[in-house]
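Below: one structure, written as structure tokens.
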Amino acid sequence: MGTEPGPDGSGPPLLIACALGIERLALRGGLTGRGAARVLRTGMGPANAERAVLAACSAEPLRTAAVIASGFCAGLVPGMHPGDLVVADRTSAGGVVTPCTDAALLREAVARAVPGRTVHGGVLAGVDHVVRGPERALLEATGAIAVDMESAATLGSALRAGPRPVAAVRVVVDAPEHELVRIGTVRGGISAFRVLRAVLPAFHEWHRSSLLPRR
């Protein structure tokens with residue numbers, strides 16, 4: 001998908017990074033007719049995300065693009081359900097914490113885009129493998145509410161390439177009481193797929209806000 005100028009005809013575009021083909025399919029479908037955005041499939045894991053996003057954000061036309069890490073995640077807090085959303089206040093991995101830009105604004109926009117869905121805010125942890133059982137509880141004890149493999153690496157590498165707004169929005173497919181057997185079963189998550197596609201207007205609202213002059 002090509003990249004165009006910002007939604008008002010000027011300013012940097014929006015880059016949405018995800019790992020899986022099924023995530024990219026949902027995100028690209030939701031972008032139809034909604035202006036300047038590019039969806040980048042990085043491949044699974046922090047190393048792939050770091051490499052792909054750093055390369056994309058180090059060259060035109062994405063050198064100053066706003067970046068959102070999106071796709072699916074595992075919830076850590078009891079009571080979370082598949083189809084819930086996580087809008088991160090910050091990501092955390094390996095002791096490195098990356099604050100997200102205008103997280104409260106984005107959380108409100110996401111809630112409007114998918115009424116009836118629960119939207120969680122907090123720390124999104126980054127790991128390099130699928131988390132199960134006891135490890136899930138250990139991550140929750142650090143204060144994280146959800147975990148995935150790419151968001152922290154995506155935001156960190158985007159900022160290494162230059163200052164820009166960054167955010168992370170994930171749809172829960174795996175929760176303490178609804179644990180996946182294997183990552184491939186994400187393909188059966190029709191509800192999560194639809195939620196991911198429906199949330200795209202919120203990304204554009206956040207992006208438009210990021211283009212406004214800061215006081």
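Hydrogens, waters and symmetry mates are skipped; everything else that's a heavy atom, side chains included, is used.
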Using modelled atom types only, decide if a donor and an acceptor are shared between the side chain of Thr142 and the backbone of Leu139 within a distance under 3.5 Å. yes
Approximate separation, where rounding is to 0.5 Å, of Leu14 CG and Arg164 CZ: 11.5 Å
So which heavy atom on Met80 is nearest to which on Val86, and how close? CE-CG2, 4.2 Å
Using the side chain to side chain contact (heavy atoms under 4.5 Å, CB included) definition, which of the options Thr101, Val96, Leu124, Thr98 pairs with Leu155? Thr98
Considering the options Val67, Thr154, Val53, which one meets the side chain to side chain contact (heavy atoms under 4.5 Å, CB included) requirement together with Leu40? Val53
With rounding to the nearest 0.5 angstrom, report the SG to CZ distance, Cys57 to Arg160. 11.0 Å
Any side-chain heavy-atom pair of Leu27 and Leu200 under 4.5 Å: yes
How about Val195 and Arg117: do any of their side-chain heavy atoms sit closer than 4.5 Å? yes
Value rounded to 0.5 Å, distance of CG in Leu15 from NE2 in His207: 10.0 Å
May I ask you to decide if Ala19's main-chain N or O and Arg41's side chain share a donor-acceptor pair within less than 3.5 Å? yes
Partners of Arg90 by side-chain hydrogen bond (donor to acceptor under 3.5 Å, both in side chains), sequence neighbours excluded? none
Atom CE in Met44, atom CD in Glu150: separation rounded to 0.5 Å? 6.5 Å
Pairwise distance CD(Glu205) to CD(Glu108) - rounded to 0.5 angstrom: 8.5 Å
Between Arg63 and Glu60, is the closest basic N to carboxylate O distance under 4.0 Å? yes
Here the pair of heavy atoms bringing Val123 nearest to Gly143 is CB-O, 4.0 Å
Whether Arg24 side chain and Thr42 backbone form a donor-acceptor pair below 3.5 Å: no
Contacts of type side-chain hydrogen bond (donor to acceptor under 3.5 Å, both in side chains), residue Ser151, not counting sequence neighbours: Asp148, Arg170
Atom of Leu62, atom of Pro13 and distance for their closest heavy-atom approach: CD2-CG, 3.7 Å
Check whether any side-chain N or O of Ser70 sits under 3.5 Å from a backbone N or O of Val169 as a donor-acceptor pair, and report yes or no. yes
Flag side-chain contact, heavy atom, 4.5 Å: Asp84 against His120: yes
How many angstroms lie between CD in Glu23 and CZ in Arg28, if you round to the nearest 0.5 Å? 14.5 Å
